[in-house]
Amino acid sequence: MKRIAVMLAVALAASSACALEKGVAAPQFDLQGLDGAVKLAKLQGKVVYVDFWASWCGPCRQSFPWMNEMQAKYGARGLQVVGVNVDANNADARQFLAATPARFVIGFDPQGATPRSYGIKGMPSSVLIGPDGKVLLEHSGFRDADRAELESRIQSALGAVK
């Protein structure tokens, strides 16, 4: 029941916000993370793939291995994957991470302010941010068929990194 309430709260909050347009500045965030503060401002100059996820999200389990792969493959070229967890209970997120490890930065937003500012409407959702801090792509869901297109967009964005 608690999970349903969280899902509903995120959906209702997101429905009142509008999705980000390509080319607009990505909203800043400053979250507690597994290894300290997670601040978008500190990632200026990198290509940032922000992924919004929750422990109850089935497709999120599928996206984590792919995001680990992208971080390993492109991190040295300037990519930083950031997973923003929206679980109200931090223990649920940590249990998910124990079973599905992340080899990228994780931030926690139990109040849901960050997904609201990004206009997120479902889990998982991702936003690709260019080195200039502007939105390049918004993507909802995660399917095997999405992998090649998302990687292509990451590669294109990395081509713009000086």
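Positions are given from 1 along the sequence. Just so it is clear, the structure is predicted and the values come from calculations on it, not from any experiment.
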Glu69 CD to Ser63 OG distance, which is reported to the nearest 0.5 Å: 12.5 Å
Spell out, as yes or no, whether a donor-acceptor pair under 3.5 Å connects the side chain of Gln71 to the backbone of Val81. yes
Main-chain N/O of Gln155 paired to Tyr74 side chain as donor or acceptor, under 3.5 Å: no
With ring-ring contact (aromatic ring centres under 6.0 Å, His included) as the test, pick out the partner of Phe104 among Trp66, Phe64, Tyr49. Phe64
Using side-chain heavy atoms (C-beta onward) and a distance below 4.5 Å, is Val82 in contact with Phe29? yes
Salt bridge (charged side-chain N to carboxylate O under 4.0 Å, His left out) filter on Lys134, not counting sequence neighbours, yields none
Trace of the side-chain contact (heavy atoms from CB on, under 4.5 Å) decision for Leu97 with Asn85: CA-CA 10 Å; Leu97 291 168; Asn85 176 264; over 6 Å; no
Do Asn90 and Pro110 have side chains that approach each other closer than 4.5 Å (heavy atoms only, starting at C-beta)? no
One pair to check against side-chain contact (heavy atoms from CB on, under 4.5 Å): Val84 and Tyr118. What are the steps and the verdict? CA-CA 12 Å; Val84 176; Tyr118 277 74; over 6 Å; no
Roughly how far apart are Met67 CE and Cys60 SG, rounded to 0.5 Å? 7.5 Å
Has Arg116 got a side-chain atom pairing as donor or acceptor with Gly112's backbone, closer than 3.5 angstrom? yes
Taking ring-ring contact (aromatic ring centres under 6.0 Å, His included) as the criterion, tell me which of Phe108, Trp56, Trp53 meets it with Phe96. Trp53
Gap separating the CD atom of Gln44 from the CG atom of Asp132, nearest 0.5 angstrom: 7.0 Å
Evaluation steps, side-chain contact (heavy atoms from CB on, under 4.5 Å), between Leu128 and Val47: CA-CA 7 Å; Leu128 185 64; Val47 170; 3.6 Å; yes
Please round to the nearest 0.5 Å and tell me the distance separating atom CD of Glu138 and atom CD of Glu21. 8.0 Å
Any donor-acceptor pair under 3.5 Å linking the side chain of Ser152 with the backbone of Ala148? no
Ignoring hydrogens and geometry, is there a side-chain-to-backbone donor-acceptor pair from Asp87 to Ser55 under 3.5 Å? yes
Within the distance-only criterion (no hydrogens, no angle test), does the side chain of Asn68 pair as donor or acceptor with the backbone N or O of Pro101 below 3.5 angstrom? yes
Give a yes or no on whether Gln28 atom CD has more than 12 heavy-atom contacts from other residues, nucleotides or ligands under 6.0 Å away. yes
side-chain contact (heavy atoms from CB on, under 4.5 Å) with Asp30: which residues, sequence neighbours excluded? Ala37, Lys39
Can Phe52 and Thr114 be said to form a side-chain contact (heavy atoms from CB on, under 4.5 Å), step by step? CA-CA 9 Å; Phe52 295 92; Thr114 309; 3.7 Å; yes
Any pair with a residue in residues 149-158 that passes salt bridge (charged side-chain N to carboxylate O under 4.0 Å, His left out), sequence neighbours left out, goes on the list, sorted by first then second residue, please. Lys73-Glu151, Glu149-Arg153
Measuring from Lys46:NZ to Leu79:CG, what's the distance to the nearest 0.5 Å? 8.5 Å
